[in-house]
Amino acid sequence: MGEIEFSRGINWKDIGSVTTEKYVPREIELRWQQRWEVDKLYQSSVDVTRQKFYFLTMLPYPSGDLHIGHWYAMTPSDARARYLRMRGYNVVFPIGFDAFGLPAENAAIKRNVHPKEWTYQNIENMRGQLRTMGAMWDWEREAVSCDPDYYRWSQWFFLQLYKHGMAYRKMSPVDFCPNCNTTLAREQVWGDDRHCERCETAVVKKDLEQWFFKITDYADELLDFSKLDWPERVQRLQTNWVGRSEGAHVTFHTESGDALEVFTTRPDTLWGATFMVIAPEHPLVESVTTDRHRKAVESYVAAAVRQTDIQREAADKEKTGVFTGGYAVNPVNAERIPIWIADYVLVTYGTGAIMAVPAHDERDFAFARHFGLEIRPVVQSEDEFFEADGVTMMEPNMHPGMMINSGPLTGTPADQAVVRTIAWLEERGCGKGAVNYRLRDWLISRQRYWGAPIPITYCTKCGAQPVPESQLPVLLPDDIEWRPTGESPLKYHPSWQHTACPTCGGAATRETDTMDTFMCSSWYQYRYLSPDYQDGPWDLEEFSYWMPVDTYTGGIEHATMHLIYTRYFTKALRDIGILDFDEPMLQLRNQGIILGEDSEKMSKSRGNVVAPDSLVEKYGADAVRSYLMFFARWDQGAPWSGSGIEGVYRWLQRVWRIANDKNIININASRAQAQDRPVRDLRRKVHQTIQQVTYDLENFEFNTVISALMELTNALNTARKDGMVGREVYLEGVETLLKLMAPVTPHISEELWERLGRPYSVHQQSWPVADAEAAAAEEITLVLQVNGKVRDRIVVPADISADLAQARALESKHVQRYLDGQDPKKVIYVPGRLVNVVP
RNA sequence: GGGGCAGUGGCGGAAUUGGCAUACGCAGCGGACUUAAAAUCCGCGGGGGAAACCCAUGUGGGUUCAAGUCCCACCUGCCCUACCA
């Protein structure tokens with residue numbers, strides 16, 4: 001190891017031009033981080049004379065360790081926030097923790113550490129790790145969702161929703177994760193095997209009394225993205241999630257007179273309904289079933305309910321079902337059609353009952369063939385020359401066509417079929433146009449301890465009663481035993497749930513379920529602005545100045561969870577009158593995912609996890625930050641490369657050298673001596689780089705920010721060696737480079753800025769403005785093509801006229817060779833780029 | 001089954017409005033410095049060919065003076081969704 005020491009010694013002796021010490025990132029980074037903090041450099045405050053900018057990145061969950069993915073999400077966002085600050089905006093860039101949730105409780109069960117202790121320890125640890133990034137967080141605004149000061153307002157919002165009829169309790173079949181021992185929202189159940197978003201265990205259905213928010217009231221409004229600059233992909237995911245479909249509600253009647261309503265998108269096929277199917281859980285199962293069929297029906301229903309969704313929804317599963325013995329009457333033609341029960345009809349969608357039109361629906365067709373039911377075509381497609389026939393048809397006809405066999409509507413052309421049928425139904429009062437959504441109300445009850453208690457009490461006399469606002473927060477008790485029973489541990493606390501009814505004062509019990517953590521993260525962007533405010537969820541002065549969020553960044557995995565909930569939440573608060581805008585976050589951008597070096601998803605079990613802490617230790621935060629911006633398109637992500645980071649580290653060392661080099665002082669004495677051409681070339685590069693970096697930061701194209709900065713560094717390095725540009729111009733270049741680097745690599749920029757003797761702080765400088773004249777090329781290389789193929793290149797003045805450019809092109813020997821002495825048929829001139837000669 | 005995104009050197013990627021394909025970097029090769037190595041610096045770098053040139057952006061067509069970029073079909077990979085009436 002002594003050899004290394006020795007080699008370091010040689011370094012300074014041999015390279016005469018280097019007269020300063022080496023770049024030791026950790027040393028300068030720690031020093032500047034402390035200085036910025038002492039100076040409160042990044043503390044933001046309301047200033048109505050300035051244009052505000054609220055820049056937000058999704059708040060982290062305090063898992064205990066800052067992952068490289070956090071860095072990837074946060075440092076480019078920080079760079080852009082810093083850039084906007086230099087552009088003169090009053091920027092707020094807050095941070096906090098989404099601190100309630102299952103992992104804390106699982107740690108408690110596994111390692112016998114209190115969830116609270118586990119969470120706060122992790123937060124403390126992550127605060128330290130976050131500080132190493134050198135981001136411009138305003139720590140004064142930090143909010144932690146498990147603080148009573150925070151969840152008090154989560155509970156308060158619950159009460160507001162409750163009072164306005166937007167929160168309700170209902171018994172319903174819900175998704176339950178047997179591993180996490182809690183119910184889940186529809187949004188937290190993923191994949192074709194219907195697994196828990198967190199632990200990947202297959203969910204089961206349970207009938208439970210649960211609390212819901214009426215997000216479905218906002219289904220249509222959630223489809224409106226006109227006020228938002230959000231990625232198409234997120235818009236599409238949310239649109240599909242809401243799943244709006246237009247059609248009609250049609251009321252059939254059972255023979256005993258019960259109304260049996262169905263939803264259909266194809267009312268025009270009503271005359272082709274040959275049977276009905278209701279879900280096994282449908283309320284009419286009991287009454288439509290005849291005694292003769294009761295036994296078969298009961299066993300089918302019991303089996304269906306026992307099955308998981310996975311089994312029921314297996315795509316290639318053969319259709320199953322059972323006849324009830326009952327019949328319904330088709331309102332359009334008074335026909336008597338049999339009522340079946342089948343699990344392909346879902347009780348949770350539409351009305352839980354369908355009219356089956358096997359001639360024009362794949363599922364109904366398969367079912368009808370399987371059970372030998374009638375198939376009656378009622379639509380004849382224009383391109384079908386054969387007679388539609390239910391006995392011979394091989395597959396249902398899904399194509400548009402003219403209505404046939406449809407009584408009074410026979411002959412209606414395809415483009416009017418649906419509209420006219422609905423009008424006809426409405427006239428007769430047996431149906432009406434309707435819209436149905438896939439979206440379901442947001443289930444917020446969780447049978448877990450580590451969450452905000454739902455502020456409701458149950459009184460034997462008065463029923464469910466909201467906890468009075470003056471009694472908030474309903475505190476979580478600390479002394480608790482964790483038993484994964486499928487019920488909230490709060491239920492087993494000896495005294496906590498017993499309380500007095502707020503209405504009659506009699507004995508009452510508290511709701512023991514806690515709230516979904518997505519409730520806490522639906523409004524954190526508001527609390528950040530005044531986290532210590534006691535008289536309301538926020539300080540109106542801060543709120544009205546900063547809101548809404550101008551730019552929001554985070555992962556796309558939240559498209560149909562957090563991002564849909566927080567939009568809903570804002571709209572609900574607007575309608576209650578608590579705030580006055582429609583959307584919480586105006587611009588959204590998503591980062592991609594970093595994979596391990598083996599191109600696999602990073603995981604401890606694969607052993608391919610990249611630890612940011614050790615990278616920072618080795619290369620410094622600035623190198624890690626710039627590498628994360630450089631190595632991939634930010635919105636796409638890529639596999640990590642351990643050797644790649646060496647490249648940006650080398651770049652920073654080169655910057656260090658060119659800015660520190662004491663020869664700067666001697667780089668030719670004056671502008672007079674400096675050579676005109678190299679001066680103009682260097683200045684052009686400097687101003688082109690300003691244009692490029694500005695454009696790229698505006699557009700979230702961080703990888704090309706770094707390559708542009710590298711190119712400028714290379715140009716400065718060449719200029720330094722050639723020694724032909726003069727001190728003044730060289731320094732203009734170095735200073736501009738440092739300012740352009742400041743958002744990306746805040747520490748080294750600040751250090752070198754100071755070493756150049758410039759006034760503190762580089763982060764308080766204004767963003768360089770490109771001089772368009774300096775950036776403009778004087779000479780351009782004109783590409784000469786014949787028939788679109790490059791044959792020659794000539795250097796011409798940038799402002800060359802079209803005529804002259806074409807003339808010069810035709811003079812070229814290489815062009816003439818292809819012309820064979822003939823006049824060209826056509827000559828195309830693209831100014832500043834090329835001449836294409838077509839012979 | 002349905003929908004979407006992507007495919008460019010050995011690798012990550014660039015090409016902003018249809019106009020020089022491969023910027024920037026990694027890895028590699030050659031050189032300088034060194035007793036040697038590391039570090040650093042300089043240079044080379046899609047494939048074929050002696051050269052003129054030819055061929056290359058997943059494959060095959062098309063539009064155009066000109067296509068990585070636009071259109072059609074297909075292949076591969078990834079993501080979302082899934083009996084949604």
Side-chain angles (χ1 to χ4, degrees), chain A residues 3-4 6-8 10-11 14-15 17-18 22 190-192 194 232-233 236-237 240-241 243 245 247 262-266 269 277 312-317 319 342-346 348-357 360-364 366-367 436-438 556-557 559-560 593 627 630-633 636 638-648 650-651 653-654 657 691-692 695-696 698-699 701 703-711 713-714 717 721 781-791 793 817 824-839:
Chain A
E3 283 172 10
I4 294 165
F6 175 68
S7 67
R8 276 187 185 159
I10 284 180
N11 206 354
D14 287 359
I15 302 170
S17 62
V18 175
K22 208 178 165 174
W190 284 12
D192 52 0
R194 313 269 305 140
E232 287 287 326
R233 198 167 153 218
R236 203 173 51 241
L237 286 168
N240 291 342
W241 191 260
S245 50
V262 301
F263 174 75
T264 176
T265 54
R266 292 293 305 276
T269 63
V277 186
R312 277 179 67 167
E313 294 183 3
D316 50 355
K317 201 189 90 167
K319 291 275 177 293
D343 62 7
Y344 81 90
V345 172
L346 310 175
T348 47
Y349 185 81
T351 61
I354 62 160
M355 62 171 203
V357 184
H360 304 289
D361 181 280
E362 282 180 23
R363 296 150 301 177
D364 298 345
F367 193 84
N436 194 59
Y437 302 91
R438 210 184 71 110
I556 197 159
E557 66 274 13
T560 55
I593 299 170
Y627 183 59
F630 179 62
F631 87 114
R633 280 183 54 150
Q636 281 183 208
W640 179 260
S641 156
S643 55
I645 192 170
E646 298 275 354
V648 292
R650 267 175 229 156
W651 165 57
Q653 286 174 314
R654 207 152 58 237
R657 243 176 279 121
Q691 291 175 332
Q692 179 78 48
Y695 178 91
D696 288 343
E698 285 292 338
N699 292 285
E701 291 173 15
N703 54 344
T704 44
V705 168
I706 311 293
S707 39
L709 292 171
M710 285 174 168
E711 285 187 48
T713 306
N714 293 345
N717 202 27
K721 290 201 174 110
T781 301
L782 205 57
V783 168
L784 306 185
Q785 295 183 337
V786 179
N787 240 343
K789 290 200 157 139
V790 180
R791 296 300 177 192
R793 290 182 171 87
R817 200 142 52 81
K825 237 186 264 164
K826 203 168 169 187
V827 180
I828 291 136
Y829 175 56
V830 183
R833 294 192 183 271
L834 57 80
V835 178
N836 188 15
V837 177
V838 185

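Within every chain, numbering begins at 1; the chains are lettered A, B, ... in the order of the sequence lines, protein sequences first and strands thereafter.
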For atom CG of A:Asn787 and atom C1' of B:C53, their distance in whole Å: 16 Å

Among B:A85, B:G13, B:A66, which is the nearest nucleotide to the side chain of A:Tyr349? B:A85

Taking any heavy-atom pair under 4.0 Å as a contact, classify A:Ser245: base, sugar-phosphate, or nothing. sugar-phosphate

Roughly how many Å is it from NZ in A:Lys319 to C1' in B:C83, rounded to a whole number? 5 Å

Would you indicate what A:Arg363 reaches in the nucleic acid, counting non-hydrogen atoms under 4.0 angstrom: base, sugar-phosphate, or nothing? base

Integer angstrom distance from the C1' of B:U17 to that of B:G62: 23 Å

Looking only at the side chain of A:Val790 (C-beta and beyond, no hydrogens), which of the listed nucleotides B:U40, B:A21, B:C53 gets closest? B:A21

Roughly how far apart, to the nearest Å, are B:A36 and B:C26 at atom C1'? 27 Å

Distance between C1' atoms of B:A85 and B:C5 (Å, rounded): 29 Å

Can a side chain N or O of A:Lys789 be found less than 4.0 Å away from OP1 or OP2 on B:C65? no

Measuring only the P atom in each nucleotide, how far is B:U8 from B:G3? A whole number of Å is fine. 25 Å

For A:Arg791 versus A:Val786, what's the shortest heavy-atom pair and its separation? CG-CG2, 3.8 Å

As a test of the definition: with a 90° window around 0 for syn, would you call B:G9 syn or anti? syn

Over how many whole Å does the gap from A:Asp696 atom CG to B:U16 atom P extend? 11 Å

Could you tell me which non-hydrogen atom of A:Leu782 sits nearest to which non-hydrogen atom of A:Gly832, and how far apart they are? CD1-C, 4.4 Å

For nucleotides B:G9 and B:U63, find the distance between their C1' atoms and express it as a whole number of Å. 29 Å

Taking A:Ser641's backbone N and O only, do any of them form a donor-acceptor pair with A:Tyr627's side chain (distance below 3.5 Å, no angle check)? yes

Can a donor-acceptor pair under 3.5 Å be found between the side-chain atoms of A:Gln692 and the base atoms of B:U16? yes

Go through B:A23, B:U81, B:A85 for me and flag the one nearest to the A:Trp241 side chain. B:U81

Is the shortest heavy-atom distance from the side chain of A:Val835 to the side chain of A:Val827 under 4.5 Å? yes

So what does A:Leu237 hit on the nucleic acid, given a heavy-atom distance under 4.0 Å: a base, only sugar-phosphate, or nothing? sugar-phosphate

State the pairing partner of B:G18; accept Watson-Crick or G-U wobble contacts with both distances under 3.5 Å, and report none otherwise. none

Between A:Arg654 and A:Val830, whichever has its closest RNA chain B nucleotide further toward 5' is A:Val830

Let me confirm one number: the NZ-CG distance from A:Lys825 to A:Asn787, rounded to the nearest 0.5 Å. 8.5 Å

Just to confirm, is there a sub-4.0 Å distance from OP1 or OP2 of B:U16 to any side-chain nitrogen or oxygen of A:Tyr695? no

In whole Å, what separates the P atom of B:G46 from that of B:A38? 26 Å

If only side-chain N and O atoms of A:Asn703 are considered, is one of them under 4.0 Å from the OP1 or OP2 phosphate oxygen of B:A14? yes

Of B:C26, B:U40, B:C79, the nucleotide closest to the side chain of A:Ser643 is B:C26

Could you tell me whether A:Gln785 contacts a base, only the sugar-phosphate backbone, or nothing, with contacts defined as non-hydrogen atoms closer than 4.0 Å? base

So, A:Asn836 side chain and A:Ile828 main chain: donor-acceptor pair closer than 3.5 Å or not? no

Specify the residue among A:Thr560 and A:Arg633 whose closest nucleotide of RNA chain B lies further upstream toward the 5′ end. A:Arg633

Between B:A82 and A:Arg438, is there an OP1 or OP2 to side-chain N/O distance shorter than 4.0 Å? yes

Counting the atoms with a prime plus P, OP1 and OP2 as sugar-phosphate, which does A:Phe630 contact under 4.0 Å by heavy atoms, base, sugar-phosphate, or nothing? base

Rounded to the Å, how far apart are A:Gln636 CD and B:C79 P? 14 Å

Whole Å only: how far is the CE atom of A:Met710 from the C1' atom of B:G25? 6 Å

Distance below 4.0 Å between A:Asn714 side-chain N/O and B:A23 OP1 or OP2: no

Between atom CZ in A:Arg817 and atom C1' in B:A51, what is the gap in whole Å? 12 Å

Taking only the side-chain heavy atoms of A:Glu701 (C-beta and beyond), determine which of B:A15, B:C83, B:C24 contains the nearest atom. B:A15

B:G7 pairs with, by Watson-Crick or G-U criteria that keep both distances under 3.5 Å: B:C75

Nearest whole Å is fine: how far is B:G19 C1' from A:Tyr829 OH? 12 Å

With a 3.5 Å limit on both atom pairs, tell me what B:C83 is paired to, counting Watson-Crick and G-U wobble, or say none. none

Which part of the nucleic acid, if any, lies within reach of A:Arg793 when heavy atoms closer than 4.0 Å are counted: base, sugar-phosphate only, or nothing? base

Does A:Val783 reach a base, just sugar-phosphate, or nothing at all? Heavy atoms under 4.0 Å. base

Where the side chain of A:Ser707 is defined as all heavy atoms beyond and including C-beta, which of B:G4, B:C83, B:A23 is the nearest nucleotide? B:A23

Say we look at B:C74 and B:C11: how far apart would their P atoms be, to the nearest angstrom? 28 Å

Can you tell me the base-pairing partner of B:C29? Count Watson-Crick or G-U wobble geometry only, both distances below 3.5 Å, and say none if there is no partner. B:G43

Could you work out the separation of B:A15 and B:A21 based on their C1' atoms and round it to a whole Å? 7 Å

Rounded to the nearest Å, what distance is computed from the CD atom of residue A:Gln653 to the C1' atom of nucleotide B:C41? 13 Å

Name the orientation class of the two ring planes belonging to A:Phe367 and A:Tyr344 (parallel below 30°, tilted from 30 to 60°, perpendicular beyond 60°). tilted

Measure across A:Asp364 and A:Val357 and return the closest heavy-atom pair with its distance rounded to 0.1 Å. OD2-N, 3.0 Å

Could you give me the CA-CA distance, side-chain angles and deciding distance for A:Arg654 and A:Asn714, then say whether side chain to side chain donor-acceptor pair (under 3.5 Å) is met? CA-CA 9 Å; A:Arg654 207 152 58 237; A:Asn714 293 345; 3.2 Å; yes

